[in-house]
> 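Take a look at the following structure, please.
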Amino acid sequence: MRHFAIVGSGPAGFYTAEALAKAYGDNARIDILDRYPVPYGLIRFGVAPDHQSLKAVSKRYDQVAEGGTVEFVGNVAVGSDVSADELRDFYDAVILAIGAPHDRKLGIPGEDLPGVIGSAEFVGWYNGHPDFADLNPSLDGAHAAVIGNGNVALDCARILAKNHHEFEGSDIVGHALDALDGSGIQTVTILGRRGPHQISMTPKELGEFGHLEVATPVVEGADFPPAEADEALEPGHRKSITILRDFAAHGPDPSKPRRIVFDFFARPLRIEGDGKAERLIVERTVLDDSGSAKGTGEAYEVPASLIITSIGYQTPRIDGVPYDERGGKFANDGGKIADGLYAVGWARRGPTGTIGTNRPDGYEVAEQIAAAMPPGSEGGKAGAKGLSAMLAERGVNATCFDDWRKIEASEVAAARPGSPREKLVRHEDWLKVLGH
Ligand SMILES: Cc1cc2nc3c(=O)[nH]c(=O)nc-3n(C[C@H](O)[C@H](O)[C@H](O)COP(=O)(O)OP(=O)(O)OC[C@H]3O[C@@H](n4cnc5c(N)ncnc54)[C@H](O)[C@@H]3O)c2cc1C
């Protein structure tokens, strides 16, 4: 019998558990630990609430949790409730799948002014993450800015641009829907340091901007290279550019009051305001020979009382685990950190790729583990028994998958009409459902 602990119940954690369960069958017990009693990581707290079809992937993870060899151990934070080294004593292999939940900083003056928030905070707020339930983003002004040219920047802009009716069928949390209903924001400017050819935005997400009820995209035709240059692009990227070119060619729809302005070749220099963010000072850029953004010295002002930075994420450190400072993730070689210690998902490769990208990651690491400790071999570790005894001694109330089902049922029962659930947004409310 082998004992494996996977830390983190997002996509990477679940795909790894699925792969290990397939490789070992009854010869292993796999525990998926999470700091929260609710599983699925960014499927619950990141993926946009108006993209419900994507969240259905959690049904596959349910099957893994209910398959017999895998146990969900919630409400246990690795690094505080139990250390990585202690886990390594109990388990044959520990696989870190804790994602990359911390926003990278811009590193410009004014970044700490009220009104400036990271996308992890804003996304967490509208998705019911307990750390951000009290965020209260500044929605009183007429102008917001989102810094970054990836899909998360698009999510943030789209959520700010939609009206109440467009959230039907979503699981946006009540506090965010109420606040957005009273929002004064009329313009959302999306800034990128480079041009349309350098975006990391996918066609489906961009295409949605052409079908919003009260908002319309504004794109400058002059920002594009000659059309022939699109031929060198990978097909998905080319499709994104075609959509943006189309927005530029048609111009904004004058019947829609809200504007989403794509401001390319724009490098934020500083954020200014009287005790709070009021404007972003931006430098126009051009591409140099290597394709990097080079400042032109021409500066201008973008009014914004809400500024959301969406320029990437970092994995938090865990004591005793080697860290790659530059990459903002655990130092690893193809997923291996040390003997019996591995990383998968965003904690392994940094915050890139889709939900599905985490699958090959998990399978690859499971293969490495199976090669190092062949199915059928013995490790002599205490596994879940050892962990449970230690947690009980420390007064940590670990939860199981059935507990999550109870929380889920109470969220579904509380759903407003047309919504799949009304998420509980505080840790204590989850525990209250469980009678803790
Ligand atoms: C805003 C946003 C929107 C996205 N939208 C899409 C989309 O529409 N489509 C798509 O394909 N991809 C999307 N992605 C990407 C996708 O969410 C990621 O690829 C995926 O979630 C990464 O999986 P992961 O398991 O590495 O990390 P995560 O999903 O972040 O899971 C990490 C888990 O670890 C747990 N954890 C963290 N620290 C600890 C600790 N110390 N102890 C115990 N547990 C811990 C967390 O609670 C969490 O459950 C989006 C990402 C973001 C940020």
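What you are looking at is a predicted structure, and each value in this text was computed from that prediction instead of being measured. The first residue in the sequence is number 1, and the count goes up from there. In each ligand, atom 1 is the first atom listed, and ligand 1 is the first ligand listed.
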> Regarding ligand 1, does Val123 bring an N or O atom to under 3.5 Å of one of the ligand's N or O atoms?
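Val123 vs ligand 1: no N/O contact under 3.5 Å.
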
> Of the protein's non-hydrogen atoms, which lies at the shortest distance from atom 51 (C) of ligand 1, and what is that distance?
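Of every protein heavy atom, Trp346 CH2, 3.7 Å lies nearest to atom 51 (C) of ligand 1.
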
> Taking atom CZ as the centre, does Arg29 end up with more than 12 heavy-atom neighbours from other residues, nucleotides or ligands that are less than 6.0 angstrom away?
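Yes, the 6.0 Å shell around CZ holds more than 12 heavy atoms from other groups.
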
> For atom 29 (O) of ligand 1, is there a protein heavy atom at a distance under 4.0 Å?
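Yes, because at least one protein heavy atom sits under 4.0 Å from atom 29 (O) of ligand 1.
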
> Atoms of ligand 1 less than 4.0 Å from Asp155 heavy atoms?
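Near Asp155, meaning under 4.0 Å from one of its heavy atoms, ligand 1 has 3 (C).
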
> Can you list everything that forms a side-chain contact (heavy atoms from CB on, under 4.5 Å) with Lys55? Sequence neighbours excluded, please.
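Partners of Lys55 under the side-chain contact (heavy atoms from CB on, under 4.5 Å) test: Ile43, Val47, Gln52, Asn127, Asp171, Lys423.
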
> So, His427 versus Asn75: side-chain donor-acceptor pair below 3.5 Å or not?
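Looking only at side-chain atoms, Asn75 and His427 do form a donor-acceptor pair, the distance falling under 3.5 Å.
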
> Of the choices Thr352, Leu42, Val344, which has the non-hydrogen atom that lies closest to atom 21 (O) of ligand 1?
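Among Thr352, Leu42, Val344, the closest heavy atom to atom 21 (O) of ligand 1 belongs to Leu42.
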
> Could you check whether the rings of Tyr313 and Trp346 sit parallel, tilted or perpendicular, using 30° and 60° as the cut-offs?
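The rings of Tyr313 and Trp346 lie parallel, inter-plane angle below 30°.
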
> What protein heavy atom sits nearest atom 7 (C) of ligand 1, and how far away is it?
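Protein heavy atom with the smallest distance to atom 7 (C) of ligand 1: Leu54 CD1, 3.8 Å.
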
> May I ask you to decide if the ring planes of Phe122 and Tyr126 are parallel, tilted or perpendicular, using 30° and 60° as cut-offs?
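Because their plane-to-plane angle is over 60°, the rings of Phe122 and Tyr126 count as perpendicular.
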
> Counting heavy atoms only, which of Val47, Thr16, Ile32, Val7 is nearest atom 5 (N) of ligand 1?
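Answer by nearest heavy atom: Val47.
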
> How far is atom 31 (O) of ligand 1 from its nearest protein heavy atom, and which residue and atom name does that atom have?
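Checked against all protein heavy atoms, atom 31 (O) of ligand 1 sits closest to Gly10 CA, 3.4 Å.
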
> Please list the nearest protein heavy atom to atom 11 (O) of ligand 1 with its residue and the distance rounded to 0.1 Å.
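Scanning the protein heavy atoms, the shortest distance from atom 11 (O) of ligand 1 goes to Ile355 N, 2.8 Å.
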
> For Ser9, is the nearest heavy atom under 4.0 Å from an atom of ligand 1?
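The answer is yes: ligand 1 sits under 4.0 Å from a heavy atom of Ser9.
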
> Using the six-membered ring of Tyr363, assess whether NZ or CZ of Arg359 lies under 6.0 Å from its centre and within 45 degrees of the ring axis.
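Arg359 over Tyr363 ring: yes.
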
> Can you report which non-hydrogen protein atom sits closest to atom 23 (O) of ligand 1, along with the distance?
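Answer for atom 23 (O) of ligand 1: Pro11 CD, 3.5 Å.
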
> Side chains of Tyr36 and Thr399 only: does a donor on one sit below 3.5 Å from an acceptor on the other?
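Tyr36 vs Thr399: no donor-acceptor pair found between side chains.
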
> Using 30° and 60° as the class limits, which term best fits the ring planes of Tyr61 and Phe14: parallel, tilted or perpendicular?
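Ring orientation of Tyr61 relative to Phe14: parallel.
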
> Should one rank Pro316, Ala97, Ala120 by closest heavy-atom distance to atom 33 (C) of ligand 1, which comes out on top?
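Closest candidate by heavy-atom distance is Ala97.
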
> Looking only at protein heavy atoms, which one is nearest to atom 3 (C) of ligand 1, and what is the separation?
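So the nearest neighbour among protein heavy atoms is Gly46 O, 3.5 Å.
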
> Give the atoms of ligand 1, by number and element, whose distance to some non-hydrogen atom of Gly345 is under 4.0 Å.
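In order of numbering, the contacting atoms are 26 (O).
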
> Salt bridge or not for Lys336 and Asp333, using N-O below 4.0 Å?
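Result for this pair is no, no salt bridge flagged.
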
